Protein chains: 2
Amino acid sequence: MEEIRKDNTEEKILEAARTVFTKKGMDGARMQEIADEAGINKALLHYYFRSKQKLFEAIFSHVFKQIFPDIRSFIQAQKPIEEKIKIFSARYMELLMLNPYLPAFLLRELQRDPEFLASVIKSQGVNPGELLTMLKAEMGSGQIKNMDPRELLINLLSLIIFPVAAGPLLQIMFFGDDPDAYNEFLTRRKETIATFILHSILVK
Amino acid sequence: MEEIRKDNTEEKILEAARTVFTKKGMDGARMQEIADEAGINKALLHYYFRSKQKLFEAIFSHVFKQIFPDIRSFIQAQKPIEEKIKIFSARYMELLMLNPYLPAFLLRELQRDPEFLASVIKSQGVNPGELLTMLKAEMGSGQIKNMDPRELLINLLSLIIFPVAAGPLLQIMFFGDDPDAYNEFLTRRKETIATFILHSILVK
DNA sequence: GTCTATATGGCGATAGAC
DNA sequence: GTCTATCGCCATATAGAC
């Protein structure tokens, strides 16, 4: 259910703020730069959003919603666990490759203001419980090895998110600073991550 | 080979700057806060390090050296690959658990100024080539499955680094915001990461 | 709603006494 | 080497015309 981005000023501000904040972070972003990006002036930013903090919070909540999307749309309940993990990896990698700044942005800001993070989590009702219950059920039915489902989920998230978050570094160190080569590597991972995980958890 | 931290002013500044910079980042850090942490005044910071930028660069280089430590001290050449991976995981996790701010700090700053990052990498002569060659040799001798050694290494780093970098978030979402529970989880990973990896790559 | 002009505060950096 | 006092700039935020 995609929101329709209207061509009004508020939407232009939100899009500009998203661009600048995710790249520079709260501390590094400048209201002037956001205004330039939106093609307006600083005063108008304060007219629509009272302060930089308020504007940031709007962006953060939106980004958070995006990076913790509705899990049910990823994982259809009737498919076998192999399929679920394959689909989840591929879709999530695609999402991050389209928004490569998001992971590092989130990691940065959750360290800067953990209390605000906690409030966002609460207000948005993120419930990993459902996902963990599904994994536990798969373990109970003998499809995959018995383990702490949190560990499995965190392993999966690590393999997907870290290579994007650390992209600039890994690209330089392992791929001769060639963006195309690194993007190909990330694209391959859409499949290899699932393979890698499944080799570890499938009951032989 | 640990440097002896002398009790002189320069060392006090470096330690204070490290504390503040790794927690707040370059943009969020304040010279006043560093001075307070060091028990001196702002002017003295500029006396020892000309500018905030210079002080930051000193800290960044030091931290970078720490997080890309001499690999040879981790991995003794005569041991089997299973042992090498176990030792590497455990030692690296210990290092990060003692310095939980480092991963997020590095991820933040490498995005802020990729060119400075590249210059640090060059000047410090980081050579993952040696490590990749070792992995490739293990594959050639049939110990582990044939794959892109970069993929294996990046998977290993992902599983180690991400859970620390995203610690504050994962702790809230999966561990009832209990720091002790989360630390126990990380401690368990010192072993489970190696197990997880080895299940995927060992030739049966 | 949108703009220009300006107030207000904070921060990096320096001057200069000791 | 270490301090106090201060400069000068820049960023957020507001006042007020249109």
Side-chain angles (χ1 to χ4, degrees), chain A residues 3-63 101 105 108-109 111-113 115-116, chain B residues 3-63 101 105 108-109 111-113 115-116:
Chain A
E3 278 265 316
I4 294 154
R5 287 255 154 185
K6 285 164 285 183
D7 190 28
N8 59 16
T9 304
E10 187 170 348
E11 290 299 332
K12 277 196 294 184
I13 291 176
L14 283 171
E15 206 159 303
R18 186 190 135 94
T19 302
V20 175
F21 273 132
T22 54
K23 200 167 173 178
K24 306 273 180 88
M26 170 66 177
D27 292 330
R30 294 291 164 255
M31 294 296 267
Q32 183 61 60
E33 192 178 350
I34 296 173
D36 292 346
E37 180 81 23
I40 57 169
N41 59 47
K42 279 188 298 176
L44 212 48
L45 292 182
H46 287 89
Y47 176 79
Y48 278 90
F49 302 83
R50 264 191 12 160
S51 66
K52 183 184 181 183
Q53 178 66 24
K54 297 271 185 211
L55 180 54
F56 172 79
E57 290 177 6
I59 299 301
F60 186 88
S61 298
H62 180 255
V63 162
Y101 285 116
F105 169 71
R108 174 177 9 202
E109 302 304 333
Q111 175 154 351
R112 199 181 59 84
D113 191 350
E115 297 195 13
F116 174 59
Chain B
E3 278 263 318
I4 296 153
R5 289 253 153 184
K6 286 165 284 185
D7 191 29
N8 59 18
T9 303
E10 186 171 347
E11 290 299 334
K12 277 195 294 185
I13 290 175
L14 283 171
E15 208 159 301
R18 188 191 135 93
T19 302
V20 176
F21 274 132
T22 53
K23 200 165 173 180
K24 306 275 181 86
M26 170 65 177
D27 293 329
R30 295 290 165 253
M31 294 295 267
Q32 184 61 59
E33 192 178 352
I34 296 174
D36 292 346
E37 179 81 22
I40 58 170
N41 58 48
K42 275 192 300 175
L44 214 48
L45 291 181
H46 287 90
Y47 176 81
Y48 278 90
F49 302 84
R50 266 190 11 161
S51 65
K52 183 183 181 184
Q53 178 66 25
K54 297 271 185 210
L55 180 53
F56 172 77
E57 289 177 6
I59 299 302
F60 186 89
S61 299
H62 181 255
V63 162
Y101 286 116
F105 169 70
R108 173 177 10 201
E109 301 305 332
Q111 176 155 349
R112 198 180 59 85
D113 190 350
E115 296 194 14
F116 175 59

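All figures in this text were calculated on a predicted structure; none of them were measured in a lab. No hydrogens, no waters, no symmetry mates; every other heavy atom, side chains included, goes into these values. A note on names: the letters A, B, ... follow the listed sequences, proteins ahead of strands, and every chain is numbered from 1.
From the 5' end on, the contacts that DNA chain D makes with chain B at under 4.0 Å to a non-hydrogen atom open and close at D:dG1 to D:dT4.
Here C:dT14 presents its C1' atom at 12 Å from CE of B:Met31, a figure rounded to the nearest Å. Atom-to-atom, CD1 of B:Ile34 to P of C:dA13 comes out at 11 Å; the value is rounded to the nearest Å. When rounded to the nearest whole Å, the span between CG of B:Asp27 and P of C:dG10 equals 19 Å. Whole-Å rounding puts the B:Leu45 CG to C:dC11 P distance at 14 Å. The nearest whole Å value for the distance from the NZ atom in B:Lys54 to the C1' atom in C:dG12 is 15 Å. To the nearest angstrom, P of C:dC11 lies 11 Å from CZ of A:Arg30.
In this structure the side chain of B:Leu14 reaches within 4.5 angstrom of the side chain of B:Phe49, judged on heavy atoms.
The closest donor-acceptor contact from the side chain of A:Arg108 to the backbone of A:Met26 lies at 3.5 Å or more, if one exists at all. A donor-acceptor pair under 3.5 Å links the side-chain atoms of A:Thr22 to the main chain of A:Thr19, judged by distance alone.
Under a cut-off of 6.0 angstrom, the local environment of NZ in A:Lys52 is crowded, with over 12 non-hydrogen atoms contributed by other residues, nucleotides or ligands.
The residue A:Tyr48 sits close only to the backbone: its heavy atoms come under 4.0 Å of sugar-phosphate atoms, none of a base. Using a 4.0 Å heavy-atom distance criterion, B:Ala29 is classed as a sugar-phosphate-only contact.
Using a cutoff of 4.0 Å between basic side-chain nitrogens and carboxylate oxygens, A:Glu15 and A:Lys12 are not scored as salt-bridged. A salt bridge links B:Arg112 with B:Glu109: the distance from a Lys NZ or Arg NE/NH1/NH2 to an Asp or Glu carboxylate oxygen falls below 4.0 Å.
Taking the six-membered ring for Trp and thresholds of 30 and 60 degrees, A:Phe56 and A:Phe105 have ring planes more than 60 degrees apart, a perpendicular arrangement.
Heavy atoms only, all atoms of each residue included: A:Gln111 and B:Lys23 are closest at NE2-O, 4.0 Å.
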Base-pair map of DNA chain D as dot-bracket, where | denotes pairing with a different strand and pairs are Watson-Crick or G-U under 3.5 Å: ||||||||||||||||||
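Screening B:Phe60, B:Tyr48, B:Phe21 against B:Leu55 for a side chain to side chain contact (heavy atoms under 4.5 Å, CB included) leaves a single residue, B:Phe21.
The nearest heavy atom of DNA chain D to A:His46 and to B:Gly39 marks one nucleotide each, and the one closer to the 5' end goes with B:Gly39.
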